[in-house]
**Q** 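Can you keep this structure in mind? I'll have questions shortly.
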Protein chains: 2
Amino acid sequence: MSDDTKALVRSTALRLFRERGYAATTMRAIAQEAGVATGNAYYHFASKDHLVQELYLDVTREHAVAARAVLAQGGDLTARLRGVMLAGVDAFAEYHAFGAEFVTVAIRPGSAASPFSAESGASRELSQSVFRELVEGASPAVPAGLREELPELLWLAQLGVTLFWVYDGSPGQRRTRTLVEGIAPLIGRLVRLSRLPVLRGAADDVLALVKAVRS
Amino acid sequence: MSDDTKALVRSTALRLFRERGYAATTMRAIAQEAGVATGNAYYHFASKDHLVQELYLDVTREHAVAARAVLAQGGDLTARLRGVMLAGVDAFAEYHAFGAEFVTVAIRPGSAASPFSAESGASRELSQSVFRELVEGASPAVPAGLREELPELLWLAQLGVTLFWVYDGSPGQRRTRTLVEGIAPLIGRLVRLSRLPVLRGAADDVLALVKAVRS
DNA sequence: GTGTTCAGTTGAACATGTTCAACTGACTGC
DNA sequence: GCAGTCAGTTGAACATGTTCAACTGAACAC
């Protein structure tokens, strides 16, 4: 019954998270709703954070599907970035009421739900691969010097947009959409300009900085 | 005795936070160490978050003093930004072991300790005023078009650096210092370049975006 | 058949943030 | 003087994440 129980706890938890948010969903409620003892949930999931991590995986998958549909249409870097980011806003929209709570959990460095944690590896890989496809399939092509680092930078930008989204109380997250509409062409323009001699130095600095900081 | 008690609880809490971190400092321990009942701490501070907010205020004040000493030396935008940001890394260094916990608390949108919260108004104003002085006193002067918005953007950049700092496990937060050493001249360069015709459009886009997003 | 093992399960126990009804004592109005 | 008020204070009670010793039953060895 182990696998069944684990799946049951998982789906029950995700449903309650969607219905009630993070704080209002107690471990006791999850266990009771799933018809198991409290301690049993802990046998299958080390903590409440690990259950939230499962929710992230779900949402990331939804976003990846929507994003790939957008990417299949081709387009230049700006259009593709805009499409993928807006798909993200749409995919997350359902959770906006509780988004704040969840991001709180996610940002805690030690948390299993952190986008940088080992436990989030699956979500992170999936999400980053979408941004790799975004960059690689752009036409006109992204300058060679940037092609390697840009996907990860765009993934970080997406995290930043998500952080903004959390604080965005406007109806339908209009401000976040405005941010995406503005930031996508801005990034597209800067990437194009990075080829010009005046900006070549700045572009190199950015790449050198990314490498220096990473090591 | 109210004011005395409040000050006593405050200072006891800050001491324990510094000694033990956030999670390991229980409200009961604070109250006991201060020689008052648990409930009494709650009479003076609505929540544990509100006590953390007091810690932020302390740290922000230390940073402001150090930053102003740097700014008194003059310099161009790059030098001033570098100095202020490094002063921040130094001011926070003492708390790095527990920084992650505290930022977790700070980033929760509803939290009193959030840098955007009403309760953090005093810290925020103080910190932003430092960045205003940074921009206004820079020589050569910052282009007029940017002078108004730049301070807040730099303040946001500082929040970003702080977020990076939280995840920075390198000894002495070397990676964060590398980031600052790289990002200060980069921002300085972009601000200088913003006057050039090629970048004028991008600079205007940034400002327009900031305004659109804010409203 | 009998004993052993062990993944899976149980529910009570624990620590901690927070709430609350009750108490205290200084000050006020008369 | 005396009753009343109310800021300040108390400690028990509550809810919740998490832990843990004990139990169950199926699979396996002999």
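Chain letters run A, B, ... following the sequence lines, proteins first, then strands; residues in each count from 1.
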**Q** Is the shortest side-chain N/O distance from B:H44 to OP1 or OP2 of D:dT9 below 4.0 Å?
**A** yes

**Q** Check for a donor-acceptor pair, side chain of B:S127 on one end and backbone N or O of B:S123 on the other, with a separation under 3.5 Å.
**A** no

**Q** Could you check how far CG of A:L51 sits from P of D:dT16, rounded to whole Å?
**A** 16 Å

**Q** According to the salt bridge (charged side-chain N to carboxylate O under 4.0 Å, His left out) rule, which pairs have a member within residues 71-89 of chain A, sequence neighbours left out?
**A** A:R82-A:E181

**Q** Nearest whole Å is fine: how far is C:dT19 P from B:F45 CZ?
**A** 16 Å

**Q** Over 60° means perpendicular and under 30° means parallel, so tell me whether B:Y22 and B:F17 are parallel, tilted or perpendicular.
**A** parallel

**Q** Using a strict heavy-atom distance below 4.0 Å, which residues from residues 23-38 of chain A are in contact with DNA chain D?
**A** A:T25, A:T26, A:M27, A:R28, A:T38

**Q** I'd like to know if the side chain of B:H44 reaches the main chain of B:R10, judged simply by a donor and an acceptor atom lying under 3.5 Å from each other, with no hydrogens or angles considered.
**A** no

**Q** So do the side chains of B:Y43 and B:T5 get within less than 4.5 Å of each other, counting heavy atoms only?
**A** no

**Q** Does B:Y43 make a side-chain N or O approach to OP1 or OP2 of D:dG8 shorter than 4.0 Å?
**A** yes

**Q** Nearest whole angstrom, please: distance from the C1' of C:dG17 to the CG of B:D49.
**A** 10 Å

**Q** Please report, rounded to the nearest Å, how far the P atom of D:dT16 is from the CG atom of A:L16.
**A** 13 Å

**Q** Does A:N40 place a side-chain N or O at less than 4.0 Å from the phosphate oxygens OP1/OP2 of C:dT10?
**A** yes

**Q** Consider side chain to side chain contact (heavy atoms under 4.5 Å, CB included). Of B:L134, B:I183, B:T176, which one does B:M85 pass it with?
**A** B:I183

**Q** So if I take every side-chain heavy atom of A:S47 and compare against C:dT9, D:dT18, C:dG17, which nucleotide ends up nearest?
**A** D:dT18

**Q** Whole angstroms only, please: what is the OH-P distance between A:Y42 and C:dG8?
**A** 19 Å

**Q** Assuming nearest nucleotide by heavy-atom distance, tell me which of B:Y22 and A:A41 is located more 5' along DNA chain C.
**A** A:A41

